Undergrad: 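First the structure, then my questions, so here it is.
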2 protein chains.
Amino acid sequence: MMRMNILEAFKALGNPTRLSILQNLREPEKHFPPQDEGDVTIDGVCVGSIQEGVGLSQSTTSTYLASLQRAGLVTSKRMGGWTYYKRNEANIKKLIELLGREL
Amino acid sequence: MMRMNILEAFKALGNPTRLSILQNLREPEKHFPPQDEGDVTIDGVCVGSIQEGVGLSQSTTSTYLASLQRAGLVTSKRMGGWTYYKRNEANIKKLIELLGREL
DNA sequence: TTGATGTTTCTAGATATAGCGATATAATGA
DNA sequence: TCATTATATCGCTATATCTAGAAACATCAA
């Protein structure tokens, strides 16, 4: 399990698009269309669906997701041709606790 | 009481110097020298003391403090020739609660 | 193998932030 | 009033981030 870093998390979430991606992933079935392969809640949401939601280019969306992942806030899973992203709830919980103690 | 904004707080705290200023202000008497006028805990810490702690220029320090204040994370009080900054504990608490609910 | 599709990485220009010195403002005291 | 000290703001350069398009890579199906 990754050790959470407050500063890196703040940097990643200081961008409105990245913040809203993480928030939308709280209730994936409410913000993203169902997928033929892979359940949005269990497996995560594919990059294409997330891109449609944010309205930026595919490459930018991919870069943002990679950044959220480096910060430990999401995980990715490759299945066939798709990459599915979902929240890393354990790390997010850890972050909030850390903030309560150290912020 | 200011309505806390998650994004603005993240932006302000995504900078290592600003983050550490806020953290040092948790225990002012441990991180800053006593002041002739104004108690570091009750009234806050003057800009000059904070500047010495961070090791950046006076102008940069002042700008950073203004940014933390705009984000609602600190308050300032002018007393004589000095401006004293302290944490806005109520807002910080509100922010952490907001993160627990909305992040 | 070839082509189609989803994703990632590379490159580059536009915009934003970092951080300094100089200047302006405010308060104090001689 | 004038000089001094503390802080804030302005103007600037350097660096970082934003974001797109192009190219590369991966997977699958024909």
Side-chain angles (χ1 to χ4, degrees), chain A residues 5 7-22 25 32-40 43-71 73-86, chain B residues 5 7-22 25 32-40 43-71 73-86:
Chain A
N5 177 301
L7 183 61
E8 288 311 310
F10 281 156
K11 280 198 218 170
L13 297 175
N15 173 288
T17 302
R18 289 192 296 260
L19 177 59
S20 96
I21 289 174
L22 192 69
L25 286 174
F32 304 100
Q35 299 167 159
D36 294 350
E37 301 173 36
D39 181 273
V40 292
D43 303 299
V45 182
C46 72
V47 179
S49 293
I50 295 174
Q51 186 211 334
E52 282 181 29
V54 302
L56 294 178
S57 75
Q58 201 272 333
S59 68
T60 299
T61 307
S62 176
T63 302
Y64 281 2
L65 288 167
S67 146
L68 286 171
Q69 184 167 29
R70 274 193 304 277
L73 297 162
V74 302
T75 58
S76 73
K77 171 163 64 167
R78 183 94 190 194
M79 288 171 68
W82 289 268
T83 307
Y84 299 93
Y85 284 89
K86 61 185 299 195
Chain B
N5 178 305
L7 183 62
E8 288 311 309
F10 281 157
K11 281 198 218 169
L13 297 175
N15 172 287
T17 302
R18 289 191 297 260
L19 177 59
S20 95
I21 289 173
L22 192 69
L25 285 174
F32 303 100
Q35 299 167 159
D36 293 350
E37 301 173 36
D39 181 272
V40 292
D43 302 300
V45 182
C46 73
V47 179
S49 292
I50 295 173
Q51 187 210 334
E52 283 181 30
V54 301
L56 293 178
S57 74
Q58 193 271 326
S59 65
T60 299
T61 306
S62 175
T63 302
Y64 280 3
L65 287 167
S67 146
L68 286 170
Q69 184 167 30
R70 274 193 303 278
L73 297 163
V74 301
T75 58
S76 73
K77 171 163 63 169
R78 184 94 191 193
M79 286 171 68
W82 289 267
T83 307
Y84 299 95
Y85 284 89
K86 61 186 299 198

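In this text the structure is predicted, and so the values were computed from the model without any measurement. Just so we're on the same page: letters track the sequence lines, and every chain starts at 1.
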Undergrad: Side chain of Ser57(B), heavy atoms from C-beta onward: which of dT19(D), dC20(C), dG6(C) has the nearest atom to it?
TA: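 The answer is dC20(C).
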Undergrad: Indicate yes or no: at least one non-hydrogen side-chain atom of Gln35(B) is less than 4.5 angstrom from one of Tyr84(B).
TA: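 Counting from C-beta outward, Gln35(B) and Tyr84(B) do come under 4.5 Å.
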Undergrad: Between dC10(D), dT7(D), dG19(C), spot the one nearest the side chain of Tyr64(B), thanks.
TA: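 Shortest atom-to-atom distance from the side chain points to dG19(C).
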Undergrad: So, taking the atom named CD in Gln58(A) and the one named OG1 in Thr63(A), what distance separates them when rounded to the nearest 0.5 Å?
TA: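 Answer rounded to 0.5 Å: 9.0 Å.
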Undergrad: Round to a whole Å and report the spacing from CE of Met79(A) to C1' of dT5(C).
TA: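 Those two atoms, CE and C1', are 17 Å apart.
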Undergrad: Reckon Ser62(A) touches a base, only the sugar-phosphate, or nothing at all at heavy-atom distances under 4.0 Å?
TA: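 Base, at least one base atom sits under 4.0 Å.
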Undergrad: Any side-chain heavy-atom pair from Val54(B) and Tyr64(B) closer than 4.5 angstrom?
TA: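 No - every pair of side-chain heavy atoms lies 4.5 Å or more apart.
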Undergrad: Any side-chain N or O of Arg18(B) less than 4.0 Å from the OP1 or OP2 oxygen of dA18(C)?
TA: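 It does, given that an N or O in the side chain of Arg18(B) lies less than 4.0 Å from OP1 or OP2 of dA18(C).
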Undergrad: Of all the choices, dA27(C), dA20(D), dT9(C), which nucleotide is nearest to the side chain of Leu56(A) once you look at every atom?
TA: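 For the Leu56(A) side chain, the nearest candidate turns out to be dA20(D).
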Undergrad: Can you tell me how far the OG1 atom of Thr75(A) sits from the CG atom of Leu68(A), to the nearest 0.5 Å?
TA: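 Spacing of OG1 (Thr75(A)) from CG (Leu68(A)) equals 11.5 Å.
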Undergrad: Within this structure, what is the CZ-to-P distance between Arg70(B) and dT17(C), rounded to whole angstrom?
TA: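 Answer to the nearest Å: 10 Å.
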Undergrad: Rounded to whole angstroms, how far apart are CD on Glu52(A) and C1' on dT5(C)?
TA: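 Checked: the CD to C1' distance equals 14 Å.
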Undergrad: Assign each of Thr83(B) and Thr17(A) to its nearest nucleotide of DNA chain D by heavy atoms, then name whichever residue's nucleotide is nearer the 5' end.
TA: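 The answer here is Thr83(B).
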Undergrad: What is the distance from atom CG of Leu65(A) to atom CZ of Arg70(A), rounded to the nearest 0.5 Å?
TA: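 Interatomic distance, Leu65(A) CG to Arg70(A) CZ, rounded to 0.5 Å: 11.0 Å.
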Undergrad: If you check the Tyr85(B) side chain, which of dA6(D), dA8(D), dT9(C) turns out closest?
TA: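 For the Tyr85(B) side chain, the nearest candidate turns out to be dA8(D).
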Undergrad: Rounded to the nearest angstrom, tell me the gap between atom CZ in Phe10(A) and atom C1' in dT17(C).
TA: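 That distance rounds to 18 Å.
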Undergrad: Counting only distance, no hydrogens or angles, is the base of dA6(D) paired donor-acceptor with the side chain of Gln58(B) under 3.5 Å?
TA: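 Such a pair does not exist between side chain and base.
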Undergrad: By nearest nucleotide on DNA chain D, pick out whichever of Thr63(A) and Ser49(B) is the more 5' one.
TA: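 Between the two, 5'-proximity favours Ser49(B).
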Undergrad: Please tell me which of the listed nucleotides, dC18(D), dA8(D), dT7(C), lies nearest to the side chain of Asn15(A)?
TA: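 That would be dC18(D).
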Undergrad: Without decimals, in angstroms, what is the distance between Trp82(A) CH2 and dA29(D) C1'?
TA: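 About 11 Å, once rounded to whole Å.
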Undergrad: May I ask you to verify if any side-chain N or O of Thr60(A) is less than 4.0 angstrom from the OP1 or OP2 atom of dT19(D)?
TA: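 For dT19(D), neither OP1 nor OP2 has a side-chain N or O of Thr60(A) closer than 4.0 Å.
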Undergrad: Would you classify Tyr84(A) as touching base, sugar-phosphate or nothing, given that sugar-phosphate means primed atoms plus P, OP1 and OP2, and contacts are heavy atoms under 4.0 Å?
TA: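 If one applies the 4.0 Å heavy-atom cut-off, Tyr84(A) turns out to touch nothing in the nucleic acid.
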Undergrad: Heavy atoms from C-beta onward define the side chain here; which of dT7(C), dG21(D), dA22(C) lies closest to that of Ser59(B)?
TA: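 Looking only at heavy atoms from C-beta outward on Ser59(B), the closest nucleotide is dA22(C).
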Undergrad: Once you round it to whole Å, what is the distance between P of dG6(C) and CD of Gln35(A)?
TA: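 The distance from CD of Gln35(A) to P of dG6(C) comes to 12 Å, rounded to the nearest Å.
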Undergrad: Over how many whole Å does the gap from Lys11(A) atom NZ to dA16(C) atom C1' extend?
TA: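 My rounded result for the distance is 15 Å.
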